[in-house]
Amino acid sequence: MPELRETAACLVAQPKGILAADESIATMSKRLQEAGVAASDTTRRDYRELLLTTPKLGTWIAGIIWCDETLRQRLADGTPFPEACADRGIHPGIKVDTGVVPLAFAGGAVVTQGLDGLRNRLTEYRQMGATFAKWRAVLDPGNLPPRAVHANAHALACYAASCQEAGIVPIVEPEVLMDGAHGIDLCQVVTTSALTAVFDELHAMGVDPSGIVLKPNMVIAGTAHQDYTSAAQVAEATVAVLRACVPGAVPGIAFLSGGQSNDQACANLTAINQVAAGSGGVPWRLTFSFGRALVSDALHTWHGDVGAVEAAQQALAANCARAAAASAAGGGAPRDHLLAGATSGARATPGTRNMEAVGA
Ligand code: 13P
């Protein structure tokens, strides 16, 4: 599937990343209201237009994830959002999951829905210009029975296969939440088990790993944990998990920010790239697909004021530039070198896949 591989590689091309602006109508309305803006389809559109029309956005951003409402909207000048993205050299993407529901016999753990009708929706989104999609599984480390890991991994794989069949690159997002008082060790265990299940299911469903982008959490302590996790700790744990779980054929890993500030998320991404480069390199690009860590400053600077659009766009541009610099820290992944000999199913475990790939 050469087109999928090309799009996936483009979405993570150095030094770019992906902007997540796909909040549901309910979440976006809440965030607007918190910023003092009355929520409506027009203000949601105005805010997304502010983001997209930020000067030079395509310098740092390869793709933007929208929700269904935005993909169908037009800028004030009448240009449809997908076309306005393409005009700026930015891939338009679409969130296709429909949120979470409690999973049976899982003690309150949830599973993400959205497979019903997905095939037809993907066909329509492709016709509208979307080149990639997103599906987010929500995993609470404080309440995660094995069947919730399995059900979410299976749904992600069914979604990813449907996307590839439709010519759309799937972003595969199993998010281990930062909410809670858990330590980094539990996050590491849970993220390992989630990613292992996800790649097993992707393989079982026939998904080509070279035509996806993985969007995981960083391995980090919960927000209510007693100790602060340093960037060095986050980086060591995150790179170890990725090496153990992610096939070398995956072109890129684009982290979510999960509620971290731009400073924290960028410091951690910088350290992750430095650790990866310092330990012989990794076969994937390690970049960002942040939501809040990129856009929160812009939203609060704007707060619905036409006169503040330029300042808001400058805030977004500064956050994107920092994230792009973090994604290129450590010199970026020497991917071609490491990929020589990598096969699609193999994981990048040190001593096995990576070492074979570098000729050891
Ligand atoms: P955050 O970076 O705000 O976590 O959002 C990323 C995202 O797309 C969550 O699904």
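Every number for a ligand or one of its atoms is a count from 1 in the order of the listing. All residue numbers refer to positions in the sequence shown, counting from 1.
Atoms CG and NE2, from L144 and H182 in turn, are 11.0 Å apart once rounded to the nearest 0.5 Å.
Those atoms of ligand 1 that come under 4.0 Å of a heavy atom in G258, given as number and element, are 1 (P), 2 (O), 4 (O). Counting atoms of ligand 1 from 1 in the listed order, those under 4.0 Å from a heavy atom of F290 are 2 (O). Close approach of ligand 1 to K134 is summarised as follows: ligand atoms under 4.0 Å from at least one heavy atom of the residue are 7 (C), 8 (O), 9 (C), 10 (O).
None of D263, T229, I220, N273 except one satisfies the side chain to side chain contact (heavy atoms under 4.5 Å, CB included) rule with N268; the exception is I220.
The nearest pair of heavy atoms linking D116 to R121 is O-NH2, 3.9 Å. Looking at every heavy atom in both residues, G107 comes nearest to N143 through O-ND2, 3.0 Å.
Ring geometry for W302 versus Y47: interplanar angle under 30°, hence parallel rather than tilted (30 to 60°). Aromatic ring orientation, H150 versus H154: parallel (interplanar angle below 30°, classes split at 30° and 60°).
Here's the thing with I65: none of its N/O atoms is less than 3.5 angstrom from an N/O atom of ligand 1.
Contacts with ligand 1 closer than 4.0 Å are made by side-chain heavy atoms of A20 only, the backbone lying farther away. At a heavy-atom distance under 4.0 Å, atoms from both the backbone and the side chain of R292 approach ligand 1.
When hydrogens are left out, the protein atom nearest atom 7 (C) of ligand 1 is K215 NZ, 3.2 Å; that is the closest non-hydrogen contact. Residue, atom and distance of the protein heavy atom nearest to atom 9 (C) of ligand 1 are E173 OE2, 3.2 Å. Here the heavy atom of the protein found nearest to atom 1 (P) of ligand 1 is S257 OG, 3.3 Å.
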